[in-house]
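Okay, so here's the structure we're looking at.
Residue numbers count from 1 along this sequence. What you are looking at is a predicted structure, and each value in this text was computed from that prediction instead of being measured.
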Amino acid sequence: MGGGQKRGRTQRRHFKQNRDNVWKHNPKKTHTDGPTTDDPNRSWETFANQNPGFEEYYKEQGIVPEDEWEEFLSLLRKPLPAAFRINASSQFFPDILSQLGNDFMKSLEAEVNDEHEIEAIRPLPWYPGNLAWHLNFSRMQLRKNQALERFHEFLKQENEVGNITRQEAVSMVPPLFLDVLPNHCILDMCAAPGSKTFQLLEIIHQSTKPGLLPNGLIIANDVDVQRCNLLIHQTKRMCSANLIVTNHEAQHFPSCALTMDHMETFKGGQEELKANILQFDRVLCDVPCSGDGTLRKAPDIWRKWNAGMGNGIHRLQVEIAMRGIALLKVGGRMVYSTCSMNPVEDEAVVAEILRRSGGSVELVDVSSELPELIRRPGLKTWKVKDKGLWLTSYKDVPIHRRSVISPSMFPSNQSCRGSPVSCDGAQEEVEVLGTNTGKENITNLRMRDQDYKSKEHETHCGDSRNNKVQTDTGETAKKLEEVSSNKSPAAEELDGDSKVEFSTFPLERCMRILPHDQNSGAFFISVLQKLSHLHGNSASDTKQSNNIRNKVSAAVGENHKDELKAEIKPSEDLHHQTVAEAASSAKLIGDQSKENSNTNNMCSKVRDSKEVVACGEGETGQVGKKNVKGKLQIQGKWRGVDPVVLFTDETTINSIRSFYGINECFALDGHLVTRNNDANHMKRIYYVSKSVHDILQLNFSVGQRLKITSLGLKIFERQKPKDDSSPCLFRLSSEGLPLLLPYISKQILYASFVDFQHLLQYRTVKFADFVDASFGEKASNLMSGCCVVVLNEGNQITDNIVADASTIAIVCWKGKTNVSILVSPLDAKELLERLAVRFGSERGTLLEENETNSEIDTIKNSEDAESTDDFEMADQEGL
């Protein structure tokens, strides 16, 4: 802490959490220090797996037929079976697939202990290529069962190095319905902890050849900085140059587009225009939710769950989804998903998206895709429960609860669009949107008007609000009478005696996965396709709602709205319409700007006298102002986040290219970035794909609206030897080696299987101790510094070896007398085991023969014969 800053609310919360953790995990804590025996809320009791409110709610909603209810509830109370997915872009994925089918499926047959399962482990039939696997064991059983210890260690090790990803089975479904191609630009709006992002990376890299990168990219975003760190940790296992991680509120994800003045220079056509607007081919909108679909994995939700959880998060889910639609290209596809079974969080949100879009978005029927996946159609009708009261229509909502319960939560044709909630009460929705309108809406509005008049206990603020509603109601009634002939089925229900409302949208195209269908968790998925540009009022209303909810100043709001009305007009040409939509009603950034710093979340605004920019973060209502003199800094705009700097030092780049003999066809210029302005203290250089580079250039042009926490692939690291013997200050990174290997012609050695294994096992081997004397000689003649050792699998002539997907190589350091590997112990152990699986029978015999020779004794000149037995045992363990 410095500068006299006070301890923030976040720090106090973390302090409390730390105290709680100490208390919970202290084994010495005696029973007398805690609650008495009669206390029903003792924290060490097992979680209760029942909740009467939960059962009543979902029985009433009818998501499960009555004859399936007991089976549904029974399975919800059982632990969730573990699942994992094989990384298809991994070098060893065929070996892992073979090991699962030929080894673990047979060795774990005796461990089947569930009436729902026949096999201990099995591939999920609906996942392409048998890459996803379902286990007949929960996470707890994997940790506690001694018979599963070898399999558990296998899962942990392969997950850590990125060959597999442990992930709930139903969580793998949404990315599959995105229909991703390698050239797609993809946005994952709420990405942490990162398993779906990793899955998307697998898909775009799956068919890519070694040394090449896909044309697409993924921007993975999350609002929480700590969760962003978890996201980075997950995705770095993929070693991708096509990834950007950002830290923004999803509903306020910033637009990146050049100003109208700058756009004048781009009149060469639509392609040039697209290069200056950030829009996406695919958007994954896996929004925050109440999470009751994860009850089997997180049983503590049983005691926490209540109906108000879904009601409270509904508006946020709508805002995030509408922001995703605004950022989606025409013809693009967005998947909206939750791990909740609640229709208020599921179908109600999808219906509101369709209402607001006004025909610009279509709910796609994907019933023919993944046919082996068991799913239920979406609901057409549901109810809302608030404070113990069941509500079938918005007109039944008490006046004082309309700030919490919005019209969009119900199946009717009304929308909460254009009626943001004020801080002290609800502003009544009076404008009926869409084509499904009728006289019943007039009746409802008049009834609400009468309800307002009859309330004598309303405050002055409430009275003024009612007057506004009464005034607007007359105007709205006239509009409604004009379209009264277009009466919807839902409207007919409302005119009759029945209070049940039905949605007229094709919500049956949505999917709900239930636990008892395939022994999994629960999930909701819907697939939306953008048919045309959003109407101007759709984007404008969404932004206005966000601004009011975040208490943006009135003056800024008025200027913002006026500019948007002028900017978004149906008569504007395609260029301006695309820019307006991409900005989603946020005015674009100019060259000369002023920076506003949010003292709590480092959120920045840029504006001048004519342009107003919505805050990219918008996490708090109060914004502290900080004037920046002169031109806006191109680097380091976001406080607390390392700047993104394009690395253009030709001297360093040329020395790297010359030292490693990197082919000129491998582009370095324009693809290297660092996270430090000071070149003398720069430790790492990252490689980014052309698509990521284009996004960075656009981001710089608009004043760095994107708050980038991580990007690219670490390819070079600074490592200066003590004796200054190496002419190159940067060594190769293990993460970047697979990409760079096909283009390297210097500092490369080809080792036999035995010498390669010895390097992995002993980590440092002297030149004279290599089994292959010629290899030791070549190593000694190599220039000091970083080098690459490639496994020569078939004793090929080294000049003819061409790097491909099967080439195995490691980064090493050539010293004065030895060669040392620059690989983590975990990676070295995993690689040893992978080699044992791939070459076990043939190479094990070769290794055993060589261990009897004097060369092996030379390698271990300080060890006795017992070490030889240990080495042989280590190899057999790998087998």
Side-chain angles (χ1 to χ4, degrees), residues 91-92 95 99 157 161 734 737-738 741 744 747-782 786-804 806-879:
Q91 184 178 27
F92 296 104
D95 300 334
Q99 189 175 5
Q157 181 170 283
V161 299
S734 295
L737 181 60
L741 181 60
I744 296 177
Q747 295 297 109
I748 189 166
L749 297 168
Y750 297 90
S752 65
F753 183 86
V754 175
D755 284 330
F756 195 84
Q757 257 191 334
H758 289 169
L759 275 171
L760 289 173
Q761 187 162 6
Y762 299 113
R763 301 191 65 81
T764 298
V765 179
K766 293 183 178 180
F767 300 142
D769 293 340
F770 285 107
V771 175
D772 184 355
S774 62
F775 177 81
E777 183 180 355
K778 291 178 181 178
S780 64
N781 294 332
L782 206 64
C786 183
C787 63
V788 178
V789 176
V790 178
L791 173 61
N792 188 358
E793 298 182 16
N795 297 320
Q796 305 176 51
I797 301 175
T798 56
D799 294 338
N800 298 330
I801 295 179
V802 178
D804 56 23
S806 63
T807 304
I808 301 173
I810 55 176
V811 179
C812 297
W813 186 268
K814 186 263 181 180
K816 291 183 177 180
T817 61
N818 55 41
V819 175
S820 301
I821 64 171
L822 299 177
V823 180
S824 70
L826 178 65
D827 288 341
K829 178 183 176 183
E830 194 276 336
L831 186 52
L832 274 171
E833 294 186 5
R834 289 293 108 220
L835 293 177
V837 171
R838 179 178 289 188
F839 309 109
S841 58
E842 176 185 353
R843 301 302 186 178
T845 304
L846 178 61
L847 180 60
E848 186 175 353
E849 292 175 356
N850 278 284
E851 283 180 344
T852 61
N853 296 332
S854 59
E855 287 105 341
I856 297 298
D857 296 330
T858 306
I859 292 177
K860 298 171 288 182
N861 51 16
S862 62
E863 301 176 357
D864 55 18
E866 185 178 352
S867 300
T868 304
D869 298 333
D870 293 338
F871 184 78
E872 185 175 350
M873 288 176 63
D875 185 53
Q876 294 300 324
E877 286 177 3
L879 294 172

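Checking Q99 against R838 by side-chain atom types alone, no donor-acceptor pair falls below 3.5 Å.
Considering only residues two or more places apart in sequence or on other chains, E777 meets the side chain to side chain donor-acceptor pair (under 3.5 Å) condition with none of them. Scanning for side chain to side chain donor-acceptor pair (under 3.5 Å) contacts around T817 gives an empty result, with sequence neighbours left out. Remark: A751 engages D755, F756, F775, V789 in a side chain to side chain contact (heavy atoms under 4.5 Å, CB included) (not counting sequence neighbours). Listed by chain and residue number, nothing satisfies the side chain to side chain donor-acceptor pair (under 3.5 Å) test with N818 (two or more places apart in sequence, or in another chain). With sequence neighbours excluded, no residue forms a side chain to side chain donor-acceptor pair (under 3.5 Å) with S780.
Of the possible polar contacts, one joining the Q747 side chain to the C786 backbone as a donor-acceptor pair under 3.5 Å is found. At least one donor-acceptor pair under 3.5 Å links the side chain of K814 to the backbone N or O of L782. Side-chain N or O atoms of R763 include none that pairs as donor or acceptor with a backbone N or O of H758 at under 3.5 Å. Proximity of a side-chain donor or acceptor of T764 to a complementary backbone N or O of V819 within less than 3.5 Å is not detected.
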Check against side-chain contact (heavy atoms from CB on, under 4.5 Å), D769 and F767: CA-CA 6 Å; D769 293 340; F767 300 142; over 6 Å; no

Full working for side-chain contact (heavy atoms from CB on, under 4.5 Å) between V788 and I810: CA-CA 6 Å; V788 178; I810 55 176; over 6 Å; no

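Between the CG atom in L826 and the CG atom in L831 there is a gap of 11.0 Å [rounded to 0.5 Å].
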